[in-house]
*Asks:* 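Please find one structure pasted underneath; my questions will follow.
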Amino acid sequence: MKAKKILFIYLLTLGSIYCSFSQNLMDILEKEQQDTLGFIPATFKMTRVAFGHSTEVRSKGVLEIFVANRFWNLPTDRSQSFAADRMSSRFALEYGLSDRLSFGVGATTFDGLFDGYLKYKLLTQKKGSNPSPFNITIFQGSSYNSSAIANPLVKDDFVDRLSFTSQLLISRKISSDLSFQIAPTFVHRGLRFSSEDDPNFFALGFGTRYKIGPHLSIVSEYYKTFNPIESVDTYGPFALGVNWEIGDVLLQFMLTNARAMVEDSFITQTRNNFNFKDPNLHFGFNATYVIHFKNRLK
């Protein structure tokens, strides 16, 4: 009888410890799951809104192959070719060094720009115990202008051909369908074609995405430069387009007045207004292919 009482007390004590441990473990797992599920996914899906960068960065071990094209016609008579009079293409690679940091390099055919950039995600929008209302990403880009310069008075050293762009990208997913972004921007241009032009520019970008289907969304983007170039007429770059997601292939179609595809160039040097007169309106086509070097990311 005494042995039975001892066994009963032992089992009761063991059961209490087990229940207590299980409850504590479940509390921990539940908290971790809530924190994980608290992140708001896919604010913009793609690393670009239209022509400009979004707050999204590539995850660690993910390589993005990016191809962008712009097509436009010239206003002269008998200039119409089969598809378009002029075309510019940009080829780029972007790789995720970590889940927060990615870098990219690219080259553009029409204006001879070679560029590189770093993106670091400071903050991710999430809800739950530690909420955050915004996504915040730092963008730092630079470019080298390799095109020929006919004016002998323009400085043509290597350093003078460099330009730099710094951006603070701030976005919020307002609802399951609507996302919005603002982008305070500073641009330093190395090449100046007139002494009237300031080498430093301040601009503010606006971007939005509206989801209209499981893999389809409408996007729009605009940049306002507060101290534009003085020697020539420039306009704010604007784009209106559609994004289409097909597995690891992401397609973007847009109408835009921006011919350039690198930040320091399209923000400060867009020479055409957005209208249907040649050569103001450009058709844009971006294609992104994503390669996962780690199977867990698929």
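Throughout, numbering of the chain's residues begins at 1 and tracks the sequence. Worth saying up front: this structure is predicted, and the values here are computed from it rather than measured.
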*Asks:* With a 4.5 Å cut-off on side-chain heavy atoms, are Val62 and Ile291 touching?
*Replies:*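 Ile291 vs Val62: side chains apart.
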*Asks:* For the residue pair Ser171 and Thr55, confirm or rule out a side-chain donor-acceptor distance under 3.5 Å.
*Replies:*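 On atom types as modelled, these side chains qualify, holding a pair under 3.5 Å.
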*Asks:* Would you check if Gln125 and Arg172 make a side-chain contact, meaning some heavy-atom pair closer than 4.5 Å?
*Replies:*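 Yes - at least one pair of side-chain heavy atoms lies under 4.5 Å apart.
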*Asks:* Would you say that Asp111 contacts Ser147 through its side chain, given a criterion of any heavy-atom pair below 4.5 Å between the two side chains?
*Replies:*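 When only atoms from C-beta onward are counted, Ser147 and Asp111 do not touch, as no gap falls below 4.5 Å.
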*Asks:* Quick check, are the ring centers of Phe201 and His188 under 6.0 angstrom apart?
*Replies:*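 No - the distance between ring centres of Phe201 and His188 does not fall below the 6.0 Å cut-off.
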*Asks:* So Asn272 and Arg259, do their side chains get closer than 4.5 Å, heavy atoms only?
*Replies:*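 Result yes, sub-4.5 Å side-chain heavy-atom pair found.
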*Asks:* Is there a path of hydrophobic side-chain contacts, each under 4.5 Å between heavy atoms of I, L, V, M, F, W or Y residues, that connects Phe139 with Leu204?
*Replies:*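 Each belongs to a different hydrophobic cluster.
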*Asks:* Compute whether any side-chain donor of one residue and acceptor of the other, for Asn273 and Asn280, lie under 3.5 angstrom apart.
*Replies:*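 Side chains of Asn273 and Asn280: no pair found under 3.5 Å.
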*Asks:* Indicate the atoms forming the closest heavy-atom contact of Ser179 with Thr43, along with that distance.
*Replies:*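 Residues Ser179 and Thr43, closest heavy atoms: OG-O, 2.6 Å.
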*Asks:* Is the shortest side-chain N to carboxylate O distance from Asp99 to Lys121 below 4.0 Å?
*Replies:*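 No, this pair does not count.
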*Asks:* First locate atom CG of Asp160, then atom OH of Tyr144, and finally report the distance between them rounded to the nearest 0.5 Å.
*Replies:*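 Those atoms lie 10.5 Å apart.
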*Asks:* Ser166 and Gln140: side-chain donor and acceptor closer than 3.5 Å?
*Replies:*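 Yes, Gln140 and Ser166 have a side-chain donor paired with an acceptor closer than 3.5 Å.
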*Asks:* Determine which pairs satisfy salt bridge (Lys or Arg N to Asp or Glu O under 4.0 Å) with at least one residue from residues 234-245, sequence neighbours left out, and list them in order.
*Replies:*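 Qualifying pairs, neighbours excluded: Lys45-Glu245, Arg209-Glu245.
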*Asks:* Looking at Thr109 and Ser89, would you say the former's side chain and the latter's main chain have a donor-acceptor pair under 3.5 Å?
*Replies:*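 A pair under 3.5 Å: yes.
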*Asks:* I'd like to know if the side chain of His282 pairs up with that of Arg70 as donor and acceptor (distance under 3.5 Å, no hydrogens or angles considered).
*Replies:*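 Per modelled atom types, His282 and Arg70 side chains form no pair under 3.5 Å.
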*Asks:* What about the rings of Phe164 and Phe186, do their centers lie closer together than 6.0 Å?
*Replies:*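 No, ring centres 6.0 Å or more apart.
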*Asks:* Do Thr256 and Glu221 have side chains that get closer than 4.5 Å, going by heavy atoms?
*Replies:*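 Not touching, per the 4.5 Å side-chain cut-off.
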*Asks:* Examine Arg58 relative to Phe103 and say whether NZ or CZ is less than 6.0 Å from the centre of the six-membered ring and inside a 45° cone about the ring axis.
*Replies:*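 That pair does not qualify as a cation-pi contact.
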*Asks:* Taking Ile229's backbone N and O only, do any of them form a donor-acceptor pair with Gln269's side chain (distance below 3.5 Å, no angle check)?
*Replies:*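 Answer holds: no.
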*Asks:* So which heavy atom on Ser102 is nearest to which on Gly96, and how close?
*Replies:*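 Residues Ser102 and Gly96, closest heavy atoms: CB-CA, 4.0 Å.
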*Asks:* Would you say the side-chain atoms of Asp177 and Ser175 include a donor-acceptor pair closer than 3.5 Å?
*Replies:*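 On atom types as modelled, these side chains do not qualify, holding no pair under 3.5 Å.
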*Asks:* If we ignore angles and hydrogens, is there a donor and acceptor under 3.5 Å between the side chains of Gln167 and Thr185?
*Replies:*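 The answer is yes; a qualifying pair exists.
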*Asks:* Does any part of the side chain of Tyr117, heavy atoms only, come nearer than 4.5 Å to the side chain of Glu94, both counted from C-beta?
*Replies:*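 Glu94 reaches Tyr117 side chain to side chain.
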*Asks:* Using a distance-only test with no angle check, is there a side-chain donor-acceptor pair under 3.5 angstrom linking Asn135 and Thr124?
*Replies:*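 There is no such pair between these side chains.
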*Asks:* Closest approach of Ala68 and Asn286, non-hydrogen atoms and distance?
*Replies:*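 Looking at all heavy atoms of both residues, the closest pair is CB-OD1, 3.1 Å.
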*Asks:* Of all the heavy-atom pairs spanning Ser220 and Phe238, show the shortest one and how long it is.
*Replies:*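 Heavy-atom minimum between the residues: OG-CE1, 3.5 Å.
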*Asks:* Verify the distance criterion only: is there a donor paired with an acceptor across the side chains of Thr47 and Glu64 at less than 3.5 Å?
*Replies:*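 Checked: Thr47/Glu64 side chains pair up, N/O donor to acceptor below 3.5 Å.
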*Asks:* Membership question, hydrophobic clusters at under 4.5 Å side-chain separation (ILVMFWY): are Ile138 and Ile136 in the same one?
*Replies:*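 Result: yes, single cluster for both.
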*Asks:* Applying a strict under-4.5 Å side-chain criterion to I, L, V, M, F, W and Y, I'd like to know whether Val249 and Tyr95 cluster together.
*Replies:*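 Result: yes, single cluster for both.
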*Asks:* More than 12 foreign heavy atoms under 6.0 Å from CZ of Phe276: is that the case here?
*Replies:*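 Not more than 12 within 6.0 Å, no.
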*Asks:* Go through it in stages, so that I can follow the logic: the residues are Asp198 and Arg189, the test is salt bridge (charged side-chain N to carboxylate O under 4.0 Å, His left out), and I'd like the CA-CA distance, side-chain angles, deciding distance and then a yes or no.
*Replies:* CA-CA 9 Å; Asp198 195 318; Arg189 289 184 63 244; over 6 Å; no
*Asks:* Do Tyr235 and Phe274 have ring centres separated by under 6.0 Å?
*Replies:*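 Ring centroids of Tyr235 and Phe274 are no less than 6.0 Å from each other.
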*Asks:* If you look at every heavy atom in Ser143 and Leu113, which pair is closest and at what distance?
*Replies:*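 Looking at all heavy atoms of both residues, the closest pair is OG-CD2, 4.3 Å.
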*Asks:* Under a single-linkage definition using a 4.5 Å side-chain heavy-atom cutoff for Ile, Leu, Val, Met, Phe, Trp and Tyr, are Val242 and Phe66 assigned to the same hydrophobic cluster?
*Replies:*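 In one cluster with Val242: Phe66, no.
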*Asks:* Check this for me: Phe114, atom CZ, are more than 12 non-hydrogen atoms of other residues, nucleotides or ligands nearer than 6.0 Å?
*Replies:*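 Atom CZ in Phe114 is not packed in, count stays at 12 or less.
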*Asks:* Specify the closest pair of heavy atoms between Lys211 and Ser217, including all atoms of both residues, with the distance to one decimal.
*Replies:*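 Nearest pair, atom of Lys211 first, then Ser217: CA-CB, 3.9 Å.
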*Asks:* What class does the angle between the rings of Phe285 and Phe253 fall in, given that below 30° is parallel, 30 to 60° is tilted and above 60° is perpendicular?
*Replies:*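 Tilted.
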*Asks:* Taking a hydrophobic cluster as the set of Ile, Leu, Val, Met, Phe, Trp and Tyr residues connected by side-chain heavy atoms closer than 4.5 Å, whether directly or through intermediates, do Met87 and Phe91 fall within one such cluster?
*Replies:*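 Result: no, two separate clusters.
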*Asks:* Check whether Gln252 reaches the backbone of Val49 with its side chain - one donor and one acceptor, N or O, closer than 3.5 Å.
*Replies:*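 Yes.
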*Asks:* Just so I know, are the side chains of Ile218 and Ile212 near enough to count as touching, which here means a heavy-atom distance under 4.5 Å?
*Replies:*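 Answer yes - side chains close enough.
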*Asks:* For side-chain contact (heavy atoms from CB on, under 4.5 Å), just list the numbers for Thr270 and Thr234, CA-CA rounded to whole Å, side-chain angles, deciding distance to a tenth of an Å, and then say yes or no.
*Replies:* CA-CA 5 Å; Thr270 297; Thr234 59; 5.8 Å; no
*Asks:* State, with a plain yes or no, whether a side-chain heavy atom of Arg100 is found less than 4.5 Å away from one of Tyr120.
*Replies:*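 In contact.
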*Asks:* Relative to the ring of Phe266, is the ring of Phe51 parallel (under 30°), tilted (30 to 60°) or perpendicular (over 60°)?
*Replies:*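 Tilted: the ring planes of Phe51 and Phe266 meet at 30° to 60°.
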